[in-house]
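Numbered from 1 within each chain, the chains take letters A, B, ... in sequence-line order. In this text the structure is predicted, and so the values were computed from the model without any measurement.
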Amino acid sequence: MSNITAVKDSTRTYTIALVGNPNSGKTTLFNALTGSTQYVGNWPGVTVEKKEGKVKRTKEQIKIVDLPGIYSLSPYTLEEVIARDYIIEDKPDAIINIVDASNIERNLYLTTQLKEVGIPVIVALNMMDIINKRGDKINIELLEDQIGMPIVPISANKGTGINNIIAECIQSINLIEEKKDNLDIFNKEIEKCVNELDEKVKDIARDNNYNSRWLAVKLLEEDEKVIEKIKINNDVKNTINDMVQKLEKQLDNDIESIIADQRYKYIASIVKKSVKKKNQGNMSNSDKIDKIVTNRILAIPIFLVVMWVVYYVSIQTLGDYTIGWVEGGIGFLAQQVETLLISLNASDWLLSLVIDGIFGGVGAVLIYVPQIMILFFFISILEDSGYMARVAFVMDKFFRKFGLTGKSFIPMLVGSGCSVPGIMATRTLENDKDRKLTILLTPFISCGAKMPIYVMFASAFFPNNRGWVVFTIYILGIVVAILSGILLKNTVFKGESAPFVMELPPYRIPTLKGLLIHMWDRGKAFIKKAGTLIFAAVVVIWFLQSFGPSLAFIEDPAKSILASIGRFIAPIFKPLGFGDWISSVAIFTGLVAKEVVVATLGVLQGLGEVTEESVELIASIQVMFTPLKAWAFMAFNLLACPCFAAIGAMKREFNSAKWTLFAIAYQTGVAYIVAMLIYQIGRLVI
Amino acid sequence: MPLAMINLGTSAVVTGFNGKDSIKRHLESLGLVIGTVITVLSETQGNLIIRVKDARIAINKGIAQRLVVEEINDTNNLCHKRHRRCNRRGHR
C-alpha cells in the first residue's frame with residue numbers, strides 16, 4: 001500500500017464513496033475492503049441506506065461509504081435519492097465507481113455523469129472473472145484513455161485486484177492536475193450551450209459548492225430537484241428556456257432524452273473500440289432458466305412448490321430433528337445447574353429464577369434457533385440465486401389485483417425473516433402510496449420470531465401435521481394481506497400504482513460461504529436477542545409472577561402481581577377464546593419481541609422443573625387451550641401490531657406518527673376481528 | 001408499433017415512449033433510449049422480460065404498450081451479426 005504520492009500528513013481522513021448500478025457488487029467490495037460482513041444478495045436494492053466502514057491495513061485513515069445502487073444521477077426511487085444526495089451534497093474525497101464489466105454499456109452511463117460532478121472518480125471494473133470465463137476481451141488501457149479515469153479491473157467476489165483500488169484513490173485525490181476535464185460526450189450544439197451556461201452559473205455553483213459544468217448540464221436537463229435547491233435569476237432562466245426550445249426543435253425530442261441519447265452514443269463508440277465479445281447475443285444460461293421459471297403456465301406452480309419445500313424441510317423434517325437435539329441439551333444443562341444450586345444450598349427464589357425464569361424462558365426460545373437458521377439458509381438460496389427477482393416479476397400481475405406491484409413481493413419475503421429489514425426494503429418502491437401500503441401489509445407476513453409460537457402450538461395439538469398447520473398460518477397472513485390490500489387500495493390509498501420496471505440479475509450459483517454467513521447472521525441476531533432483550537423480559541416476567549402484590553415470594557403464580565395485571569386485561573380477549581390471564585399477559589409481553597410470547601408461557605408454566613421440559617410446557621398448553629383457542633391465539637399473534645422494533649421501523653419509513661398509529665390500529669383491529677371470527681365460527685361448527 | 005405486439009424471441013428498435021416523464025427518465029437510465037435494440041426473452045400474461053444491451057429488464061404490460069418500437073425485419077442480416085439463434089426461430 002505504500003505510495004509515493006500519498007500525502008505526508010497521515011492524520012488526514014479520506015472519505016471514499018462506493019457508487020454504482022444496483023447489484024453491481026458494491027457491498028461485496030465494501031466487505032472485502034473493510035473486512036465487515038454487510039448483507040449481500042443477488043437482486044437490485046439489497047442496500048437501501050448508506051453504510052460506513054474503515055479500510056483495513058492502510059497507513060491512512062480511510063472511511064468507505066457504501067451507497068444504495070443508482071442507475072443515474074436523476075433519482076427515481078427513494079434509495080436512489082439517498083445515494084445521489086450523498087454524492088452531490090456531502091462530497092466525498094473520491095468516488096469508486098463500480099462498473100459491472102459484464103454489462104458495461106449500461107453501467108458506463110452513470111460513469112459519464114459521475115465524471116461531471118467534479119470529484120476524482122476511480123473505476124473499479126468488476127466481474128472480470130465472468131468476462132474471462134466468457135472469453136471476452138476488454139482493452140483496459142484504451143478504455144482508461146478514452147474515459148479519462150483510472151480503471152482497476154477487479155473481481156470483488158474472488159477478491160482479486162482490490163488491493164490496488166485504494167492506492168489508486170489516494171493517488172487521484174492528491175493529483176493536482178485532472179487527467180481530462182470533461183468527456184466529448186455532447187455534439188457541438190449542446191456542448192456550446194453547456195459551455196455558455198457553465199460561464200453564467202459559475203457564481204451560483206461556487207456558492208452552492210457544486211461543479212459548474214455539472215450544474216450547467218443539470219440545468220439544461222431541467223432537473224427539478226436541482227432547480228428547487230438553488231436560486232437562479234431570470235436571465236439564466238430565460239437563457240435555459242431559449243436553449244431548450246431551440247435544441248428540442250432541432251433534434252425533435254425532449255432535452256433530457258437528447259442528453260441521455262448522446263451519452264449512450266458516446267459510450268457505444270468507446271465500447272466498440274475497447275471491448276471484444278466472443279459470443280454476441282447467444283442465449284445465456286440465465287435466459288434458458290428464465291424460459292422455464294417465468295413460463296406463463298409453470299411460473300406460479302414452480303413458485304408454490306419451492307416455497308412449500310422450503311417450509312416443509314425447515315419446519316417439519318430437518319428443523320424438527322434439531323429441536324429435539326437442542327431441547328435435550330438445554331434440559332441436561334438445566335438439570336446440572338439445578339443439582340449444583342441445590343448442593344450449594346441456594347435459596348428457593350434463586351432456584352426459581354434460574355430454573356423457571358432463565359432456563360424456562362430463554363430456553364423455550366433458544367430451541368428454535370436451528371430451525372430459524374435452516375429457514376434462512378433456504379431463503380438465502382432464493383435471494384442469492386437470483387430467483388427472488390423473478391418471483392417479483394411473476395407475481396406482478398397477481399399483486400396488481402390487490403393494489404400492489406410485484407416489487408412489493410421483495411419487502412414481504414424479506415419480512416418473512418424479520419419485519420424490520422422488510423419494512424426498510426420498501427424504499428425500492430417508486431410510488432409513495434404503493435410504499436405506504438407495503439409498509440402496512442409487510443408485518444402480516446409472519447416473521448421468524450413468530451414461528452416458535454406456531455411450532456409450539458402445532459406440536460401441542462397437531463403433532464403429526466406440524467408443517468401443514470404452520471403453513472396454513474402463513475397462508476392466513478398472506479390472505480389477510482391480500483384482502484387488506486384490496487380494501488385499502490380502494491379507500492385510503494386510492495390511485496394508480498407505479499408500473500413494474502426492474503432489472504433481473506443473472507442467475508448465480510450461491511456460494512456456500514455466502515449462505516452460511518447469512519444463516520449465521522440470523523442465528524447470531526436471534527441468540528443475541530435471547531441473551532439481552534428476551535433475557536431481561538424473562539427476568540421481569542419471572543419477578544412479576546413470583547411475587548404477590550405484597551412483594552412476598554409466593555408459590556402459586558395465580559396469586560402474583562402478573563396474574564392481577566393479566567386478569568385486568570383478560571376480558572378484552574374473552575370473545576377470542578383465550579380470556580385467561582396467562583395468554584393475555586403473553587400477548588402484551590410479545591410487544592417486546594414476539595419470541596417473548598413463548599418465553600412468557602415457558603416461565604409461567606414453571607418449565608424447567610422437569611428434565612423433559614418442553615413436554616411439560618406442551619402438556620400444560622394442552623390443558624390451557626383447545627385446538628380452536630390455539631388457532632385463534634396464533635392468528636391474533638400473527639396479525640396484531642408487531643414488536644417495538646418493527647413499530648419503530650414503520651415510524652421511520654412512514655416518517656409520520658399519524659400513519660404509524662393508523663397502521664398499528666389497523667393491524668390490531670384486523671387481528672382482533674379475525675381471531676374472533678375463528679373462535680366464534682369454530683365454536684358453532686365443532 | 002407497441003412493444004406489446006412483438007413476438008417472443010424477436011428483436012426490435014426503440015423509437016419512442018408515450019408515458020410519464022419520470023418513467024421515461026427511468027427507462028433511459030436502464031438503457032432504453034431511442035435506437036436501442038431490444039429482444040423479447042419471455043412473456044407472462046403480457047408482462048415481458050426483454051434484453052437491453054447486456055441486461056435483462058422485466059417490464060409490465062402497461063409499459064410494453066407504451067414503448068414504441070420497430071421490428072427488425074432483416075433477420076438474415078441480424079442473424080449474422082448478433083442473433084445466431086434467430087435462424088432456428090425463423091422456421092417456427
Parallel, tilted or perpendicular: which one describes the rings of Y71(A) and H26(B), with boundaries at 30° and 60°?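 Rings of Y71(A) and H26(B): perpendicular, over 60°.
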Should R106(A) and I57(B) count as side-chain neighbours, where that means a heavy-atom distance under 4.5 Å?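 In short, these two side chains touch, coming nearer than 4.5 Å.
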Return the [atom1] to [atom2] distance between [X] and [Y], rounded to the nearest 0.5 Å.
{"X": "K53(B)", "Y": "L108(A)", "atom1": "NZ", "atom2": "CG", "value": "10.5 Å"}
{"X": "E28(B)", "Y": "R263(A)", "atom1": "CD", "atom2": "CZ", "value": "11.0 Å"}
{"X": "E80(A)", "Y": "S29(B)", "atom1": "CD", "atom2": "OG", "value": "7.0 Å"}
{"X": "I23(B)", "Y": "E430(A)", "atom1": "CD1", "atom2": "CD", "value": "8.5 Å"}
{"X": "Y76(A)", "Y": "L30(B)", "atom1": "OH", "atom2": "CG", "value": "9.5 Å"}

Proximity breakdown for I34(B) and chain A, heavy-atom pairs closer than 4.5 Å: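 Both the backbone and the side chain of I34(B) come within 4.5 Å of chain A.
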Part of L48(B) lying under 4.5 Å from any heavy atom of chain A: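 Contact with chain A is through the backbone of L48(B) alone.
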Of the listed residues ([options]), which shares the most heavy-atom pairs with chain A below a 4.5 Å separation?
{"options": "N60(B), I63(B), T44(B)", "answer": "N60(B)"}
{"options": "G62(B), S22(B), G35(B)", "answer": "S22(B)"}
{"options": "R66(B), K20(B), Q45(B)", "answer": "Q45(B)"}

Segment of [X] engaging chain B (4.5 angstrom heavy-atom cut-off):
{"X": "T294(A)", "answer": "both"}
{"X": "Y109(A)", "answer": "side chain"}
{"X": "R400(A)", "answer": "side chain"}
{"X": "P75(A)", "answer": "neither"}
{"X": "N295(A)", "answer": "backbone"}

Out of D254(A), L110(A), V394(A), return the one with the most heavy atom pairs under 4.5 angstrom to chain B.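 Among D254(A), L110(A), V394(A), the one with the most close pairs to chain B is D254(A).
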Considering only NZ, NE, NH1 and NH2 on the basic side and carboxylate oxygens on the acidic side, decide whether D396(A) and K61(B) come within less than 4.0 Å.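 Answer for the salt bridge query: no.
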Salt bridge check: are K277(A) and D54(B) linked by an N-O gap of less than 4.0 Å?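 Answer for the salt bridge query: yes.
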Please answer whether the main-chain N or O of G31(B) pairs with a side-chain N or O of Y264(A) as donor and acceptor at a distance below 3.5 Å.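 Yes.
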Do other residues, nucleotides or ligands put more than 12 heavy atoms under 6.0 Å from the NZ atom of K276(A)?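 Check passes, neighbour count above 12.
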Would you find more than 12 non-hydrogen atoms of other residues, nucleotides or ligands less than 6.0 Å from E496(A) atom CD?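 12 or below, so no.
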Verdict with supporting geometry, D21(B) and E224(A), side-chain contact (heavy atoms from CB on, under 4.5 Å): CA-CA 12 Å; D21(B) 260 6; E224(A) 282 164 26; over 6 Å; no
Let's go through V52(B) and E503(A) carefully: what are the C-alpha distance in whole Å and the side-chain angles of both, what is the deciding distance for side-chain contact (heavy atoms from CB on, under 4.5 Å) to 0.1 Å, and is it a yes or a no? CA-CA 10 Å; V52(B) 181; E503(A) 183 176 4; over 6 Å; no
Intermediate values then yes/no, side-chain hydrogen bond (donor to acceptor under 3.5 Å, both in side chains), S257(A) and R25(B): CA-CA 8 Å; S257(A) 301; R25(B) 297 290 86 82; 3.3 Å; yes
